[in-house]
Amino acid sequence: MTSTSPTIPPGGADRTGDATAPGGPPPRPNRLAAGRRWTRPVLVANLVAQIGIIVTGGAVRLTGSGLGCSTWPQCHPGQFTAEFHPATTYHEFVEFGNRTLTGILGVVALLTLVLVWTDRSRVLSYRLLGVVPLLGVAAQAVIGGVIVLLHLHPGWVSLHFLVSASLVAVSLLLLHRAGEGDGAPVPTVDGSTRATAWVLAALTAVVVTLGVVTTGAARTAATTRSATASPSTRRS
């Protein structure tokens, strides 16, 4: 709902060392600055991958493949990848596919960090946003491992999703900020529209949080009933 006035050269390229004294040696090429033209494509890839990890995570949840790989970080004891064997089911490959995309996302997040954090022509608030995707991927890898080791504990599964949703929001903000300057924000809509947008964003966050908590509570209740059911009830 706001835009900032541009105060940086197109592409955010570093200008340090561009000028040389007459008759002096030619300037050294700044490879990092030259590579910064890839910033926007990398940020788009980061956003797409962050959304993709939610899609594949949803596929894991909907197909009941959460324990397709029985341990972490290996898929099975002594086996890092999914493999065909007589007892193989599709669950193993669904779960391993989600883990593989996490690795790809980690590479994209690392590129995001390098391109954004090293851009000294931009303000610190923008550069700090470039750190978030990589930290988020690292946190999600740990949370995912805890989920497997705790056999899909609903609380941790809910946290897993909420962190992913937050990373999508930050990645979209980062992409938006990359195309702006670092001047003072300039409103592009009236105050009532901005206030309505903030209210909708807050309500959406509440609805999503309550939704995942409700789903987790229902699963916990179902697991408890199954564990405490009498043998005769289970046989019937």
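The shortest heavy-atom contact between A109 and V137 is CB-CG2, 4.2 Å. Scanning both residues, L174 and P133, for their nearest heavy atoms gives CD2-CG, 4.4 Å. Closest approach of L105 and A49 over heavy atoms only: CD1-CB, 3.4 Å. In plain terms, the two heavy atoms of L43 and A178 that are nearest each other are CD1-CB, 3.4 Å. Considering all non-hydrogen atoms of both residues, T63 and V60 come closest at OG1-O, 3.5 Å.
Taken to the nearest 0.5 Å, the OG atom of S158 stands 11.0 Å off from the CG atom of L210. For the atom pair E92 CD and L67 CG, the distance stands at 12.0 Å (nearest 0.5 Å). Distance check: T39 OG1 to L111 CG gives 10.0 Å after rounding to the nearest 0.5 Å. Atoms CG and CG, from L124 and L128 in turn, are 4.0 Å apart once rounded to the nearest 0.5 Å. The NE2 atom of H76 lies 5.0 Å from the OG atom of S70; values are rounded to the nearest 0.5 Å.
Tested against S171, the residues V132, L129, N46 include a single side-chain contact (heavy atoms from CB on, under 4.5 Å) partner, N46.
Residues I54 and L175 fall within the same hydrophobic cluster, defined by Ile, Leu, Val, Met, Phe, Trp and Tyr side chains chained together at heavy-atom separations under 4.5 Å. Note on L47: it clusters hydrophobically with L162, by side-chain heavy-atom contacts below 4.5 Å among ILVMFWY residues. L135 and I53 are not part of a single hydrophobic cluster, where members link through side-chain heavy atoms under 4.5 Å apart. Both V163 and L150 are members of a single hydrophobic cluster when ILVMFWY side chains are connected at heavy-atom separations under 4.5 Å. Taking hydrophobic clusters as Ile, Leu, Val, Met, Phe, Trp and Tyr residues chained together by side-chain heavy-atom distances below 4.5 Å, V42 does not share a cluster with L110.
Counting heavy atoms from C-beta outward, V108 and V48 have side chains that stay 4.5 Å or more apart. Taking 4.5 Å as the limit, every side-chain heavy atom of T102 sits out of range of all side-chain heavy atoms of Q140. Side-chain contact check for R194 versus V189: some heavy-atom pair is nearer than 4.5 Å. With a 4.5 Å cut-off on side-chain heavy atoms, V123 and R177 count as touching. Side-chain atoms of T81 and F93, non-hydrogen and from C-beta on, never get closer than 4.5 Å to each other. Taking 4.5 Å as the limit, some side-chain heavy atom of R99 sits within range of a side-chain heavy atom of V148. For the pair W72 and I147, the minimum side-chain heavy-atom distance is 4.5 Å or more. In this structure, N98 and V94 have side chains that are not in contact, with every pair of non-hydrogen atoms separated by 4.5 Å or more.
Judged by distance alone, the side chains of H176 and E180 do bring a donor and an acceptor atom under 3.5 Å apart.
Residue R127 qualifies as enclosed at atom CZ: its count of foreign heavy atoms under 6.0 Å is above 12.
Residues that satisfy the ring pair (Phe, Tyr, Trp, His ring centres under 6.0 Å) test with F96, not counting sequence neighbours, are absent from this structure.
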